[in-house]
Amino acid sequence: MILNETFALADGGAIPKLGLGTWRIDDAAVEQVVREATAIGYRHFDTAQAYGNERGIGAGLRASGVPRDHLFVTTKLAAESKSYADAKSRIDGSLQALALDHIDLMLIHSPQPWAEFREGGDFDAGNLEAWRALEEAQQAGKVRVIGVSNFEHADLDNILRHGTVKPAVNQVVAHVGNTPFDLIDFCRDQGVLVGAYSPVAHGAALRSADLGGLAAKYGVGVAQLCIRYCLQLGLLPLPKSTNADHMRSNAAVDFEISGDDMAKLTSLSGGIDYGEASAFPVFGKIRHVEASRPNG
């Protein structure tokens, strides 16, 4: 079962191959969601300072009765945090909000503040300051693994060249029709695991007749097909759900997509209507998500 499988990290650690995304789940509701997910068998939970639900995540995990060393918690440093002092304070803030003795994985949420996302501003120095705070937190045992999110080639190269610790993970949007293959290849060459958030395209994939037909061939749902696609590319998918039945279905992905069908899926590209999620990043000014074109 996929919930029992792990990816090996470059530092020798391990991370569960499937995680539960919690973006847009209110703090008041997420505690029950987490309790239901742990009962199903989920052990990897993904949150962020920007989500505003770290408190509920921690409360749900403590209430679950699952031993702490069986759980893997990922959170993210606010995108606006680009100084050492601010990052250090915010890391401690996440530990306090989660009420955990350590964080398993902490990421820089974005290489730019959300209000300046992908606008070409130079935040290399600020990212190195934030990274230094994460390295220090790791050395202190507050955070076990550190990484980044939404980092493109140049952003990641800045950390690789100037940081002391190599990022273990780069978490990016990746799904059928919008898979950044060049970036994935670069990360793989550097020993950086790629996490795939929104593996079902914020739900837009569920409206695809083509994906529906292919999923039917395997006797699965579209979400299951999309999650399996990510896994077969060596990505760590983080599907979000508040529904226990959907959580179970999302974890029932022990099937194999054929080579021919994977080739069809990787060749898909084009604009995607994400609906409400088109306001991206949702933590800053409105900006439309553009689907990237795969290279093979």
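Side-chain atoms are counted along with the backbone in the values below, which use heavy atoms only and exclude waters and symmetry mates. Values in this document were obtained by computation on a predicted structure and should not be read as measured data.
By the rule that hydrophobic residues join a cluster once side-chain heavy atoms approach within less than 4.5 Å of another member, Phe123 and Val172 end up as members of separate clusters. A single hydrophobic cluster is not seen to contain both Tyr84 and Val148; linkage of ILVMFWY side chains at heavy-atom distances under 4.5 Å, directly or through other members, places them apart. Residues Val192 and Met106 do not share a hydrophobic cluster, defined by chaining ILVMFWY side chains whose heavy atoms lie under 4.5 Å apart.
Side-chain contact check for Leu225 versus Val176: every heavy-atom pair is 4.5 Å or farther apart. By the 4.5 Å heavy-atom criterion applied to side chains, Val169 and Ser149 are not counted as neighbours. Taking the side chain as every heavy atom from C-beta outward, Leu231 and Ile227 approach each other to under 4.5 Å. With contacts defined as side-chain heavy-atom distances shorter than 4.5 Å, the pair Arg68/Leu71 qualifies. Between Asn250 and Ser241, some side-chain heavy-atom pair lies under the 4.5 Å cut-off. Met262 places a side-chain heavy atom less than 4.5 Å from the side chain of Leu233. With a 4.5 Å cut-off on side-chain heavy atoms, Val73 and Leu100 count as touching. Put simply, the side chain of Leu134 reaches to within 4.5 Å of the side chain of Ile91, judged on heavy atoms.
A salt bridge does not link Lys264 to Asp260: none of the charged side-chain nitrogens sits closer than 4.0 Å to a carboxylate oxygen. Using a cut-off of 4.0 Å between Lys/Arg side-chain N and Asp/Glu carboxylate O, Asp46 and Lys76 are scored as salt-bridged. Asp11 and Lys166 are not joined by a salt bridge, as no carboxylate oxygen comes within less than 4.0 angstrom of a charged side-chain nitrogen. Under a 4.0 Å N-O distance rule, the pair Arg118/Glu152 qualifies as a salt bridge.
Without hydrogens or angle criteria, Tyr51 side chain to Asp27 main chain gives no donor-acceptor distance under 3.5 Å. Within the 3.5 Å criterion, the main-chain N or O of Val165 finds a donor-acceptor partner in the side chain of Trp131. Judged by distance alone, with hydrogens and angles left aside, the side-chain atoms of Gln224 form a donor-acceptor pair with the main-chain N or O of Ala252 at under 3.5 Å. Checked by atom type and distance alone, the side chain of Gln112 never pairs as donor or acceptor with a backbone atom of Gly121 at under 3.5 Å. A distance-only check finds a donor-acceptor pair linking the side chain of Asn158 to the backbone of Asp124 [under 3.5 Å]. Side-chain N or O atoms of Arg62 include one that pairs as donor or acceptor with a backbone N or O of Leu98 at under 3.5 Å. A side-chain donor-acceptor contact under 3.5 Å links Thr38 to the backbone of Arg35. A donor-acceptor pair under 3.5 Å is formed between the side chain of Ser258 and the backbone N or O of Asp261. One N or O on the side chain of Ser208 and one on the backbone of Leu211 form a donor-acceptor pair closer than 3.5 Å.
Interatomic distance, CG of Leu206 versus SG of Cys226, reported as 7.0 Å (0.5 Å rounding). In this structure, OG1 on Thr22 lies 7.0 Å from CG on Leu20, to the nearest 0.5 angstrom. Ile103 contributes atom CD1, which lies 10.0 Å from atom NZ of Lys142 (distance to the nearest 0.5 angstrom). Here the CG atom belonging to Leu18 is positioned 9.0 Å from the NE2 atom belonging to His44, to the nearest 0.5 angstrom. Remark: Leu3 CG to Ile40 CD1 distance equals 8.5 Å, nearest 0.5 Å. With rounding to the nearest 0.5 angstrom, the CG atom of Leu105 is 9.5 Å from the CG atom of Leu236.
In this structure, Asp155 has no salt bridge (charged side-chain N to carboxylate O under 4.0 Å, His left out) partners at least two apart in sequence or on a different chain. Looking at residues two or more places apart in sequence or on another chain, you find a salt bridge (charged side-chain N to carboxylate O under 4.0 Å, His left out) between Asp157 and Arg161.
When all heavy atoms are compared, the tightest approach of Pro180 to Ala174 is CD-CB, 4.0 Å. The minimum heavy-atom distance linking Val34 with Gly60 is given by the pair CG1-C, 3.6 Å. Of all the heavy atoms in Ser64 and Leu61, the pair that sits closest is OG-O, 2.6 Å.
Among residue pairs with one or both ends in residues 132-162, those qualifying as ring pair (Phe, Tyr, Trp, His ring centres under 6.0 Å) are His153-Phe186; sequence neighbours excluded.
His109 pairs with exactly one of Tyr197, Phe117, Trp114 by the ring-ring contact (aromatic ring centres under 6.0 Å, His included) rule, that one being Trp114.
Side-chain atoms of Asn150 and Ser110 form no donor-acceptor pair, as typed in the model, at a separation below 3.5 Å. For the residue pair Glu54/Ser94, the side-chain donor-acceptor check at 3.5 Å is satisfied. Ser198 and His175 share no donor-acceptor pair across their side chains, judged by distance under 3.5 Å alone. For the residue pair Thr75 / Gln49, no side-chain donor-acceptor distance below 3.5 Å is found, with atom types taken as modelled. In this model, a donor atom of one side chain and an acceptor atom of the other lie less than 3.5 Å apart for Thr179 and Tyr229. Checking Gln232 against Arg228 by side-chain atom types alone, a donor-acceptor pair falls below 3.5 Å.
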Verify salt bridge (charged side-chain N to carboxylate O under 4.0 Å, His left out) between Glu129 and Lys82, making sure each step is shown before the conclusion. CA-CA 6 Å; Glu129 286 286 291; Lys82 300 302 180 194; over 6 Å; no
Would you sort out whether Leu238 and Gln171 count as a side-chain contact (heavy atoms from CB on, under 4.5 Å), showing the intermediate values? CA-CA 9 Å; Leu238 298 161; Gln171 192 183 107; 3.3 Å; yes
Please evaluate residues Leu193 and Leu235 with respect to the criterion side-chain contact (heavy atoms from CB on, under 4.5 Å), reporting the C-alpha separation (whole Å), side-chain torsions for both, the decisive distance (0.1 Å), and the verdict. CA-CA 7 Å; Leu193 176 68; Leu235 312 181; over 6 Å; no
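Counting heavy-atom neighbours within 6.0 Å of Arg90 CZ, excluding the residue itself, gives a total above 12. For His246, the NE2 atom sits in a loose shell: 12 or fewer heavy atoms of surrounding residues, nucleotides or ligands are nearer than 6.0 Å.
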